[in-house]
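This report refers to the structure that appears directly beneath it.
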Amino acid sequence: MTLHSNNSSRMEMMHFTKIVMGGINNNPSLTFNDGVRSIDYVLVWESGRNDATTPEAYEQRRIFEQNLEHDGLQLEREEPEGLYGLNFVKIHVPVDVLRDYSEILKLRMPMKDGSQLRKSGRTNAILNAALYISKFSAVKTSNFIDRVEATWDKFISKIRVDPELFPERRHRLTAIYSKDKEYLFDTTSECFWTPSIRSRIVQFILDRKKFSKPGDDFAFGINRLISNCTYSAAYPLHDGDLKTPGSMRYLLYTEWAAVSKCLKYQPLDYVKDYFGVKIGLYFAWLGFYTHMLIPASLVGLICFIYSAATVYSNKPSEDICNYNSTIKMCPQCDYFCEFWDLKATCLQSRITYLFDNSTTVFFAIFMSFWAACFLELWKRYSAEMTHRWDLTGFDVYEEHPRPQYLARLAHVKRRQLNVVTGENEPMVPFWRMRLPATLMSFSVVALLVLLALATVLGVVLYRMSLLGAAVLRHNDNVLITYSPIMFTTATAACINLCFIFLFNYIYQYLAEWLTEKELLRTQTEFDDSLTLKIYLLQFVNYYASIFYIAFFKGKIIGRPGEYIRFFGHRQEECAPGGCLLELSIQLAIIMVGKQFINTIVEMMMPYLLSWWNIIRTIGRKRQLKSPLQWVKDFKLVDFPNMGLFPEYLEMILQYGFVTIFVAAFPLAPLFALINNVLEMRLDARKFLTCFRRPVPQRVTDIGVWYRILDSIGKLSVITNGFIIAFTSEFIPRLVYAFTHGSLEQYVNNTLADFNITVLEHPPLNSTYGGTMCSFPGYWDYKNGKDYAHSTWYWHIIGARLAFVVVFENVVALGTIIVKWAIPDMSGELRDRIRREAYVINSYILEETRARSQAGRDSQGDTTEPNWNHIASLSGSDFDLAAHGDQEDLAELRERAAAARPPPDPAGPPVDPAGPPPAPV
């Protein structure tokens with residue numbers, strides 16, 4: 001079995017090498033002119049640009065490139081003919097530089113396979129158990145279960161990734177790279193240092209090299225040179241053309257980014273290898289979220305189909321359609337609004353029933369549990385991906401400071417020791433820099449939030465004024481004339497959507513500027529702070545108008561004769577069936593409209609930017625044609641500084657629509673599912689065709705987005721409970737049916753009759769001859785013009801509050817049970833992580849002991865080996881010594897000797913090597 005496993009492992013590695021390195025082997029333009037050294041990065045500057053040809057720019061480029069070469073990088077300069085003055089500087093990273101910076105960056109690299117390890121019986125036994133534990137099959141139960149599993153596997157194979165094109169990757173043991181322990185790693189492998197690792201190391205160097213003589217502490221980093229137009233671009237290369245087979249880019253383009261493959265699983269391991277962990281984790285999360293939307297979409301669709309099938313059996317809506325009364329409804333505005341018939345809202349009441357019925361409560365409870373399951377299952381799935389991609393031991397505090405952070409603190413003399421990295425770093429002055437930046441950031445964000453609320457207020461005033469506009473009353477369209485609320489809701493939602501997209505750009509620019517002022521040390525901290533700011537602003541921007549309709553509109557309008565006015569206008573009223581239909585219209589327009597517009601902008605903007613970049617560089621009438629890969633990639637758009645932020649933000653906002661207001665729009669999960677199936681492939685196509693290849697980034701999870709998702713889930717329980725209780729008519733119908741046994745005369749029960757003499761501004765030129773008009777609500781006549789809420793009103797309020805309490809507690813208890821029932825990490829994965837850590841430590845112990853012994857034998861040294869003392873350590877002390885920490889081994893020896901208990905004179909002799917290391 002071992003021989004077969006070794007052969008299959010060797011074949012798998014050869015196939016993987018062919019996919020990863022195929023582009024370099026098949027495309028000569030991916031190497032230097034010698035055809036041997038790979039092009040790991042490219043710098044571009046334009047000789048036809050004034051800013052790039054000044055003496056200062058020439059000097060900065062000379063110093064910068066000289067520093068790169070001094071650091072060990074190899075450069076090759078080229079100015080191809082017919083490219084209008086474009087100069088390219090190709091960069092190659094030699095093996096010595098890769099070794100140095102792999103150690104500096106603490107990269108986790110794959111260790112040698114079992115076939116390459118020492119043939120130690122104890123080591124190999126443990127290693128085989130760790131490597132092949134996943135191959136052990138469970139005990140078979142019955143032939144019937146086997147047949148069911150075979151049928152399911154046959155079905156699922158249709159949507160799985162083609163194993164011939166993307167062979168399944170076996171998990172390999174990894175360890176933090178160290179030059180002192182290089183014998184643990186297979187550095188001779190062709191793809192040990194993959195193109196992604198090479199570009200990451202070059203980017204790290206480019207961000208920190210100076211481009212001026214000593215004295216200017218701010219003059220460093222490629223980003224500064226690009227902003228000064230000294231260079232025009234800096235980017236790693238795609239590994240091939242989209243139309244030529246033989247590269248991973250072509251393989252991903254045809255088998256992953258194609259819309260025709262939208263129903264297949266994603267080759268996430270290969271996406272991670274090509275784009276890096278950060279982008280790979282985004283597509284893993286997006287795919288998981290899309291799969292979780294399937295059950296939510298099915299349940300929502302079933303609820304909607306049930307509602308549509310029973311719409312004509314709904315007693316209240318049929319009573320409205322057949323309503324016959326000599327008393328008409330009170331006018332909806334002053335002066336210009338006429339008394340109207342309730343029957344005119346027949347269509348509106350039937351549409352309202354589609355979203356306001358008994359299935360609303362069921363679906364709201366289901367989606368609350370769904371949100372809890374989604375987050376818990378994602379944590380479990382994320383733990384699997386974190387282990388699979390070797391992110392388990394990654395610590396954000398091991399990140400190096402951002403170059404922009406160091407540049408802004410270059411004048412600060414006070415330093416402090418970073419206990420993690422062991423380096424002296426500048427200390428941010430609290431009173432002079434940190435506090436003013438924080439206060440300014442808070443103030444500007446608060447101002448922007450108020451601006452978004454003021455926009456909502458302006459839209460509300462538009463709706464209030466439009467309701468009284470005479471143009472609506474003299475229109476031939478019956479729907480506009482008799483249902484002005486629906487017309488104003490639709491037009492106001494469209495106006496609000498336009499303001500939303502306008503403010504999005506303002507918020508994004510200001511949020512980036514404010515976050516830069518906060519002096520955040522690492523890129524992770526910077527991204528998290530920026531994310532919270534923009535999401536808070538976008539949350540108010542997108543959801544403020546929806547919250548207004550759901551919880552404020554029509555709640556404090558007063559009554560005929562005593563309307564509560566706002567700036568002299570009557571407040572908006574809900575339709576007789578409540579505001580749920582208007583809430584559904586607002587949700588549908590903003591959610592679907594946002595998705596549609598975002599998809600168009602996302603697909604068109606990169607092409608427009610690429611077109612503008614070429615025009616800016618060579619002019620409108622010229623064309624930039626070349627078969628060279630580094631020229632083709634220059635024509636693409638640089639990967640944005642915001643990275644994946646717009647992609648995550650779009651999905652998180654969509655998640656808010658799916659959960660926070662799902663009680664008002666049960667089709668939201670279905671629209672989200674359709675959008676995401678296409679979004680996944682369109683994003684992949686965009687990254688492969690429109691953008692230059694991004695530099696890989698290492699992250700452990702989706703970051704602050706998870707906390708935002710968790711907050712949205714908790715908020716959704718509250719909002720859905722209040723929507724059902726106070727916005728829909730579910731509670732009044734429930735109380736009435738419980739009291740009267742049916743919904744007969746329910747519509748009449750929800751209307752109160754008022755004498756038209758109480759109206760402050762009756763309609764002009766009215767043809768209505770009655771003395772009473774009906775108004776939605778629960779009112780009793782007292783005397784004169786005095787009316788008060790009836791007893792039934794207080795019964796309804798009590799029932800609404802009771803429902804909120806019961807709903808919140810039931811759902812909260814259910815989510816607690818869900819979180820308890822689904823552990824963050826499976827027991828199998830936890831055991832696998834511990835076993836692999838134990839195997840790595842055991843192997844390091846065996847190899848180091850053997851090499852120490854071999855060295856002593858060759859030198860004739862008979863002193864006690866240091867490793868015997870190291871082996872007696874446990875926990876963190878062993879890890880530090882085993883991975884080549886700089887602590888003196890003599891100190892470790894003394895600590896081990898002091899910790900070792902004295903031997904028992906009567907007992908057996910103590911093994912000088914001590915116990916084996918404890919598993920991590």
Provide the closest heavy-atom pair for [X] versus [Y] in the form atom of the first, atom of the second, distance.
X      : Y      : value
Trp370 : Pro295 : NE1-CG, 4.5 Å
Ala668 : Met591 : O-CE, 3.3 Å
Ala550 : Leu583 : CB-CD2, 3.9 Å
Ala725 : Val804 : CB-CG2, 3.5 Å

Rounded to the nearest 0.5 Å, what's the gap from [atom1] on [X] to [atom2] on [Y]? Could you check?
X      : Y      : atom1 : atom2 : result
Leu453 : Leu448 : CG    : CG    : 11.0 Å
Leu734 : Leu743 : CG    : CG    : 9.5 Å
Met292 : Ser297 : CE    : OG    : 11.0 Å
Leu673 : Leu293 : CG    : CG    : 5.5 Å
Ile279 : Leu268 : CD1   : CG    : 13.0 Å
Met651 : Leu644 : CE    : CG    : 12.0 Å

Derivation of the side chain to side chain contact (heavy atoms under 4.5 Å, CB included) call for Ile564 and Ile557 | CA-CA 5 Å; Ile564 300 175; Ile557 61 174; over 6 Å; no
If only atom types and distance count, is the side chain of [X] paired as donor or acceptor with the main-chain N or O of [Y] below 3.5 Å?
X      : Y      : value
Asn720 : Ala663 : yes
Ser368 : Val717 : no
Ser716 : Gly713 : yes
Ser826 : Leu829 : yes
Thr750 : Pro776 : no
Ser584 : Phe665 : no
Gln266 : Phe283 : yes

With a 4.5 Å cut-off on side-chain heavy atoms, are [Y] and [X] touching?
X      : Y      : result
Pro732 : Tyr746 : yes
Thr739 : His795 : no
Leu447 : Leu451 : no
Pro316 : Glu729 : no
Lys714 : Ile718 : no
Glu679 : Gln595 : no
Ile534 : Leu649 : yes
Tyr793 : Ser790 : yes

Parallel, tilted or perpendicular: which one describes the rings of [X] and [Y], with boundaries at 30° and 60°?
X      : Y      : result
Phe722 : Phe726 : parallel
Trp792 : Tyr778 : tilted
Tyr381 : Phe288 : parallel
His291 : Tyr265 : perpendicular

Going by atom types only, do Gln586 and Tyr548 share a side-chain donor-acceptor pair under 3.5 Å?
-> no
Check whether the side chains of Ser529 and Lys533 place a donor and an acceptor atom closer than 3.5 Å, and report yes or no.
-> yes
Got more than 12 heavy atoms from elsewhere within 6.0 Å of CZ, Phe547?
-> yes
Carefully, step by step, assess Phe803 and Ile724 under the rule side chain to side chain contact (heavy atoms under 4.5 Å, CB included).
-> CA-CA 9 Å; Phe803 173 83; Ile724 296 172; 3.5 Å; yes
Apply the side-chain hydrogen bond (donor to acceptor under 3.5 Å, both in side chains) test between Ser307 and each candidate in Asn357, Asp356, Thr360; give the one that qualifies.
-> Asn357
Residues Phe645, Trp705; criterion ring-ring contact (aromatic ring centres under 6.0 Å, His included); working and verdict | CA-CA 10 Å; Phe645 180 83; Trp705 294 113; 5.4 Å; yes
Does the side chain to side chain contact (heavy atoms under 4.5 Å, CB included) test come out yes or no for Phe596 and Asn675, once each step is laid out?
-> CA-CA 9 Å; Phe596 178 74; Asn675 175 81; over 6 Å; no
What about [X] and [Y], are their ring centers closer than 6.0 Å?
X      : Y      : answer
Trp378 : Phe374 : no
Phe539 : Tyr543 : yes
Tyr648 : Tyr282 : yes

So does Lys686 pair up with Asp683, basic N to acidic O under 4.0 Å?
-> yes
In sequence, state the C-alpha distance, the side-chain angles, and the governing distance for Tyr289 and Trp285, and then conclude on side chain to side chain contact (heavy atoms under 4.5 Å, CB included).
-> CA-CA 6 Å; Tyr289 170 49; Trp285 176 83; 4.1 Å; yes
So among Thr352, Asn314, Thr345, which one has a side-chain contact (heavy atoms from CB on, under 4.5 Å) with Ile320?
-> Thr345
